[in-house]
2 protein chains.
Amino acid sequence: MQLMSEKGAAGGGLRERKKRATRAALAEAAIRLAAAHGAEKVTVEAISAAAGVSVRTFFNYFDTRDDAYVVIDADAGARIRRSVLDAPASLTPLEALREAMAAELAEAEQQHELWRLHAEVLHASPHLLVRSLGAHMADETLLAEAIAARIRPGTRTGDPAATDEQRREALDLYPRLLAAVAATAVRTSVEHWFARQEEAAFLDVFQEVFDLLAAGLPAPRA
Amino acid sequence: MQLMSEKGAAGGGLRERKKRATRAALAEAAIRLAAAHGAEKVTVEAISAAAGVSVRTFFNYFDTRDDAYVVIDADAGARIRRSVLDAPASLTPLEALREAMAAELAEAEQQHELWRLHAEVLHASPHLLVRSLGAHMADETLLAEAIAARIRPGTRTGDPAATDEQRREALDLYPRLLAAVAATAVRTSVEHWFARQEEAAFLDVFQEVFDLLAAGLPAPRA
DNA sequence: ATGCATCTTTGCATAGCATGCAACTTATGT
DNA sequence: ACATAAGTTGCATGCTATGCAAAGATGCAT
């Protein structure tokens, strides 16, 4: 019995592959239609038709229409957490976080077309940007756990039996704040970069944000 | 001609007062019903009936059902902005922000019952917490503008002719980040306080969060 | 007070989102 | 090949949300 199925990989039986294909087809159809006609104008019926499944099946994969717009890579959070845990001990938690997220974002930027379409769609309707935040909030709690585990190696992390409620209550203020601020850093970086694309590369903006945070948000040249 | 009508005050004609009353009645009915039966189980019909208006009228006041849950005090943002602008020049932007928000939160905490019901409802369904963030995001842009104006007094703020798009593009990274981080600070404080209500008063948690931010999120006792 | 202009509320019609259920089709394991 | 489990589909249903036009309430000038 292999330990495989990191569940983001390509393996699995025909069934799993088909499911992933269907989900991907729905997500991509949703984004392309949204980019073309505006997110609010696209009906679930249109998305389903473009992906070649019934409307009912769409709702087997996504709880709401908007979920199809915002869930890009369901495994990114897990990779970031592992990266935080595995980072050299010489790094501060904030530095480890910066490295982990920078690596992930650099990879995301490779898939240029989809990343760009996503940015466009989300930017076009703030409503979706908010949902995107929401999609990352469960991740945020898990990330806070990983940070806590890094600081205090005794802490157990990734316990599947724990409810979100329990996770939240067990957390100290510091890891919680760090995770929240990191998510905010990403969001702010994306917004600023998108507003001024000509002036700066995305990863540079991201680094500058973390520099500001590490410096305690000092008042700029008064 | 008085300078009055800070539009949160009690003044105004009968029409305005009635409108505010209706809106308040809807918001309060929504929160009470949500606290009692669960936010998702409450229909717009029930909220409208409890407030004594028609369903259609509900949608004249709120774009979506969930908006009724999250919009507590529509003028809080404006007060914070003014407070930031009026703060003594000796304070850093971060300090001015902390003072402004602490004052506002202290007042909110006075209205104990509603504040508490809100916290409960939002905490019970993360979905709404997300929408709450969204409701504050427009405010966030305005706040970033106010911060920019405080730093560079030449900057115009509160121009009603500017679109959100224009506002966003004009902003520097620093004020944008500061506004975003401040909003995150509030959210994190509320979450942590709610998870451990016995252990610490809310405003103390809030102060600690800002201390951590001002110190550059240093690694805790390793 | 009377009448007019403006704003607000309301019911009705309509479209789209979302869920439960039962029937049907397709993989998987033996 | 067979039985079981998993996935898909259509149908019925309820709720959210918007446009429109009629009716009601308010503000204002005379």
Side-chain angles (χ1 to χ4, degrees), chain A residues 1-2 4-5 7 10-27 29-30 33-34 37-71 125-128 130-131 134-135, chain B residues 1-2 4-5 7 10-27 29-30 33-34 37-71 74 125 127-128 130-131 134-135:
Chain A
M1 190 201 290
Q2 307 176 47
M4 61 115 202
S5 114
K7 134 173 147 203
L14 187 105
R15 245 173 202 170
E16 279 188 47
R17 262 179 290 130
K18 264 194 162 181
K19 274 190 78 167
R20 273 205 301 278
T22 302
R23 169 176 273 267
L26 282 169
L33 287 170
H37 310 123
E40 301 303 304
K41 300 274 192 171
V42 179
T43 67
V44 174
E45 192 176 354
I47 298 171
S48 308
V53 296
S54 73
V55 170
R56 193 61 185 80
T57 293
F58 175 94
F59 285 107
N60 287 339
Y61 283 91
F62 300 97
D63 280 350
T64 73
R65 178 192 61 177
D66 291 352
D67 281 351
Y69 296 141
V70 298
V71 179
S125 41
H127 160 255
L128 289 180
V130 170
R131 278 198 84 91
Chain B
M1 191 204 290
Q2 305 176 47
M4 61 117 202
S5 113
K7 136 174 144 206
L14 179 64
R15 243 173 204 167
E16 280 188 45
R17 262 179 291 130
K18 265 195 161 182
K19 274 191 80 167
R20 273 205 302 275
T22 302
R23 167 175 275 265
L26 283 170
L33 288 169
H37 309 125
E40 301 303 305
K41 301 273 193 170
V42 179
T43 66
V44 174
E45 194 176 354
I47 298 171
S48 307
V53 297
S54 72
V55 171
R56 194 61 186 78
T57 294
F58 175 95
F59 286 107
N60 286 339
Y61 282 90
F62 300 97
D63 280 349
T64 73
R65 178 192 60 176
D66 292 352
D67 280 352
Y69 295 141
V70 299
V71 179
S125 42
H127 160 255
L128 288 179
V130 170
R131 279 199 83 91

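Residue numbering restarts at 1 for every chain, and letters A, B, ... go by the order of the sequence lines.
With D:dG10, C:dT9, C:dT10 as the candidates, the nucleotide lying closest to the side chain of A:S54 is D:dG10. Ranking D:dT16, C:dT6, D:dA6 by closeness to the B:V44 side chain, first place goes to D:dT16. Of the candidates C:dA18, C:dT10, C:dT28, C:dT10 carries the atom nearest the B:N60 side chain, counting heavy atoms from C-beta on.
Note on B:K19: every side-chain N or O is 4.0 Å or more away from OP1 and OP2 of C:dC7. Not one side-chain nitrogen or oxygen of B:K18 sits closer than 4.0 Å to the OP1 or OP2 atom of D:dA25. Of the side-chain N and O atoms in A:R65, one or more sit less than 4.0 angstrom from OP1 or OP2 of C:dC17. The side chain of A:T57 places no N or O atom within less than 4.0 Å of a non-bridging phosphate oxygen (OP1 or OP2) of D:dT8. Phosphate proximity of D:dC15 to B:T43: absent, as no side-chain N or O sits under 4.0 Å from OP1 or OP2. Side-chain N/O atoms of A:Y61 include none lying less than 4.0 angstrom from OP1 or OP2 on D:dG7.
Going from atom CD of B:E45 over to atom P of C:dT10 covers 14 Å, rounded to whole Å. Rounded to an integer number of Å, the gap from A:R56 CZ to C:dA22 C1' is 12 Å. Atom CG of A:D63 is separated from atom C1' of D:dT16 by 17 Å (rounded to the nearest Å). Rounded to whole angstrom, the span from the CZ atom of B:R23 across to the P atom of C:dT9 amounts to 11 Å. Here D:dC15 presents its P atom at 15 Å from CG of B:D66, a figure rounded to the nearest Å. Per the geometry, CD belonging to B:E40 stands 18 Å off P belonging to C:dC17, to the nearest Å. When rounded to the nearest whole Å, the span between NZ of A:K41 and C1' of C:dA15 equals 13 Å. Between A:F59 atom CZ and D:dT16 atom P the separation is 15 Å, expressed in whole Å.
Residues B:D66 and B:H127 have side chains in contact (heavy-atom distance under 4.5 Å, counting atoms from C-beta outward). Put simply, the side chain of B:K19 does not reach to within 4.5 Å of the side chain of B:R15, judged on heavy atoms.
Direction of the helix axis in the helix from C:dA1-D:dT30 to C:dT30-D:dA1 shifts by 30° between the two five-pair termini, rounded to 10°.
Summarising the geometry, atom CG belonging to B:D67 is positioned 7.5 Å from atom CZ belonging to B:F58; distances are rounded to the nearest 0.5 Å. Within the model, atoms OH of A:Y61 and CD1 of A:I47 stand 15.0 Å from one another, a figure rounded to the nearest 0.5 Å.
In this structure a side-chain-to-backbone donor-acceptor pair under 3.5 Å is missing from A:Y69 to A:A30. Formation of a donor-acceptor pair under 3.5 Å by the B:T57 side chain with backbone atoms of B:V53 is not found in this model. Checking side-chain atoms of B:R131 against main-chain N and O of B:V70 turns up no donor-acceptor pair under 3.5 Å.
Nearest-nucleotide mapping onto DNA chain D: of A:V55 and B:V42, the residue sitting toward the 5' end is A:V55.
Remark: the A:R15 side chain and the C:dT28 base include no donor-acceptor N/O pair separated by less than 3.5 Å.
In this structure, A:E45 does not pair ionically with A:R65, as no charged nitrogen and carboxylate oxygen lie closer than 4.0 Å.
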